[in-house]
Amino acid sequence: MKKNFYLDIVIFIACLACLITGLMLDFHLFEGGRDVRHYWRDIHAYIGYVMAAGVLLHIIWHVKWIKVAAKQIFCKK
């Protein structure tokens, strides 16, 4: 239970950070030139990798539940 809670926190924080850095990049909310933009784009990409890895791990941990739920949805008679 705790591992799921901590993973959810990591995914949530990564999602917020990805959203914030994405908005910063889209609306040019930073000072500096191309070097600064590349710096924030790299941070945005790595945060996205962390978020994707967290979601993948979350799905792997819940694969039994996903199978049961899918069976209930698609095998109704």
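One finds the CG atom of Leu23 at 4.5 Å from the CG atom of Leu19 (value rounded to the nearest 0.5 Å). The CD1 atom of Ile47 sits 4.5 Å away from atom OG1 of Thr21, with the distance rounded to the nearest 0.5 Å.
The two atoms that bring Met51 and Cys15 nearest to each other are SD-CA, 3.4 Å, heavy atoms only. Nearest heavy-atom pair across His58 and Ile11 is CB-CD1, 4.1 Å. Nearest heavy atoms, Lys3 versus Trp61: O-CZ3, 3.5 Å. Between Phe30 and Val36, the shortest heavy-atom contact is CD1-CG1, 3.7 Å.
Listed by chain and number, the residues in a side-chain contact (heavy atoms from CB on, under 4.5 Å) with Tyr39 are Ile43 (sequence neighbours excluded). Under the side-chain contact (heavy atoms from CB on, under 4.5 Å) criterion, His38 pairs with Arg34, Arg41, sequence neighbours left out.
Just one residue in the list Gln72, Lys64, Lys71 forms a side-chain contact (heavy atoms from CB on, under 4.5 Å) with Val68, and that residue is Gln72.
Connection of Trp65 to Val63 is not established within any shared hydrophobic cluster, with ILVMFWY side chains joined at heavy-atom distances below 4.5 Å, either directly or through further cluster members. With hydrophobic clusters built from ILVMFWY side chains whose heavy atoms lie under 4.5 angstrom apart, Leu56 does not share a cluster with Val50. Under the 4.5 Å side-chain heavy-atom criterion for grouping Ile, Leu, Val, Met, Phe, Trp and Tyr, Leu7 is not connected to Phe12 through any hydrophobic cluster. In this structure, Leu57 is not a member of the same hydrophobic cluster as Phe5, with clusters built from ILVMFWY side-chain heavy atoms closer than 4.5 Å.
Proximity of Val10 to Tyr6: side-chain heavy atoms (C-beta onward) are nowhere separated by under 4.5 Å.
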